[in-house]
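The block underneath contains the structure these notes are about, expressed in structure tokens.
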Protein chains: 2
Amino acid sequence: MDNLSIPADSPGGPDSTEQRIFDAAHDVFVQKGLDGAKMQEIADRAGINKALLHYYYRSKEKLYETVARAVINRAFPVIRKMLESDDPLELKISRFIDFYIDLVSGNPFLPLFVITEMHKHQDRFFETVLSGQLPQPEVFFQQVESAIAEGRIRPLDPRHLLVNMVSMCAFPVLGRPMIRVVLGQSQQEMSVFLGQRKAEVKEFIFQSIQP
Amino acid sequence: MDNLSIPADSPGGPDSTEQRIFDAAHDVFVQKGLDGAKMQEIADRAGINKALLHYYYRSKEKLYETVARAVINRAFPVIRKMLESDDPLELKISRFIDFYIDLVSGNPFLPLFVITEMHKHQDRFFETVLSGQLPQPEVFFQQVESAIAEGRIRPLDPRHLLVNMVSMCAFPVLGRPMIRVVLGQSQQEMSVFLGQRKAEVKEFIFQSIQP
DNA sequence: ATCCGGTTTAACTATTTGGTTAACGCCGGG
DNA sequence: CCCGGCGTTAACCAAATAGTTAAACCGGAT
């Protein structure tokens, strides 16, 4: 699996104080959100004095913004490349599912963080995401239309297909605690269950779109 | 459409102080979460003195718990009944999709609220907020197994089918702002798009599970 | 060796915020 | 009329927490 683990960013040396702060802030903000995060906890996790947070990042707001932008900038461009590649449709769908499920499984806090950020700070979110990394679904849509025309798949709205794909990959991580309890599973069983989904979702899709 | 809109609860007269507090708290908690909500803001929105919040609801925790329970109690029991009904499988799936999409469309804040609070305050969520309301999927699973045995649908894991169903219904509301921008749609077009999903998701599922 | 800048810290301040209290008003029963 | 209790309020309190400051540290340049 690629190195998709998110915290690996910008500043100074890879073990500089600034970097340690960023990493700690990333962990705390991503798990607890802007309101739930405490500066002291970030300082403790970074193993440094709280004043250094302000020395390097002025304010909680600024620190949060830095983290939020980094998370967004790391998640979206890869998805975009994947949608715009010239892999044939079936392979593209397969790779997309694999990649997306790996991504959210390896970063279980990512979907909730991104979605919360998208809702609570919409302006900043789209300003960030619109700077060149907005996924362009046109290529994918075109491929679907062609496959329909060729009779390789049944007629369907490619937009709904795309939304279905993303939904089935992202939601299970969002709803994991609920799903786990409803299915009566342990944490380990739940990890297995989520792993199964790569195959299961692909099968579900390919069965659905066949002519 | 049924009256699925959430805020309409318990106490006193429909315009009592207690009710006004509840409504204001509902709005604020749902929009900002437990951590982001401020008691003063709730009081202001209710147009009353902050001390009255404590007079009627003791503490922020209790007030939050009341609101969260009310939200959960309106959504989950119906889902549970739906899964446990003795409708034949195909009809049950169809009704489930219709109901779930109506529910989240009519209460777009609901999924994000439930998921956020479930993650951020897991213990309390499952112990006090959700006590007893857990959906029991056994009946549904049994029906799927029977349908497989009878050859009416292809062999598949009923757990993944259920997760797929919920995912495709709930996620589009969570990701709505993103989906809207990626598809280049207006708010109106987006509402239409989400409305189409009732038919589209059902078709997607039935095509997938057919033998 | 010493000066000097960036770095780091402990202690401090200011503000926010959940929660309390004591007084006031209002209204129905005696 | 007045008494008593529920409802309501302004003012207050205490804890938590973001942010500041002044002094100490430290390594390299002179």
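Throughout, protein chains are lettered first and strands after them, A, B, ... in sequence-line order, and every chain is numbered starting at 1. It should be emphasised that the depicted structure is a prediction, and the values quoted were computed from it without experimental measurement.
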Presence of A:Tyr55 side-chain N/O under 4.0 Å of D:dT20 phosphate oxygens OP1/OP2:
no
Of the candidates C:dT7, C:dT20, C:dG19, the side chain of B:Met39 sits closest to C:dG19
Heavy-atom nearest nucleotide on DNA chain D taken for B:Ile48 and for A:Lys50; more 5' hit belongs to B:Ile48
Rounded to whole Å, CG of A:Leu53 lies from P of D:dG19 at a distance of 10 Å
Rounded to whole Å, CD of B:Glu18 lies from C1' of D:dC6 at a distance of 13 Å
Which of A:Asp98, A:Ile209, A:Asp87, A:Leu162 passes side-chain contact (heavy atoms from CB on, under 4.5 Å) with A:Ile93? Answer is A:Ile209
Select base, sugar-phosphate, or nothing to describe what B:Ala37 touches, counting heavy atoms under 4.0 Å on all strands.
sugar-phosphate
Rounded to whole Å, the CG-C1' distance (B:Asn49 to C:dA22) equals 13 Å
Between CD1 of A:Ile21 and P of C:dT7 the distance, given in whole Å, is 11 Å
Whole-Å distance, A:Leu63 CG to D:dA18 C1', equals 12 Å
- Query: Does the side chain of B:Gln40 come under 3.5 Å of the side chain of B:Asp44 through a donor N or O and an acceptor N or O?
  - Reply: yes
B:Leu52 atom CG is separated from C:dT21 atom P, nearest whole Å, by 16 Å
From the candidates D:dG19, C:dT20, D:dT21, the one with an atom nearest any side-chain atom of A:Ala51 is D:dT21
Ranking C:dG18, D:dA18, D:dT21 by distance to the side chain of B:His54, first place goes to C:dG18
query = Within less than 4.0 Å of OP1 or OP2 of D:dT8, is there a side-chain N or O belonging to B:Thr17?
reply = yes
Pairwise side-chain contact, B:Phe171 with B:Val166, heavy-atom cut-off 4.5 Å (strictly under): no
Separation of D:dT8 atom C1' from B:Arg20 atom CZ, nearest Å, is 12 Å
Out of C:dT8, C:dG19, D:dT8, minimum distance to the side chain of A:Tyr56 belongs to C:dT8
**Message:** Tell me whether A:Arg124 is salt-bridged to A:Glu61, with the criterion being a basic N under 4.0 Å from an acidic carboxylate O.
**Reply:** yes
So A:Val144 and A:Leu156, do their side chains get closer than 4.5 Å, heavy atoms only? yes
Atom CD1 of B:Ile42 and atom P of C:dT17 are separated, to the nearest Å, by 12 Å
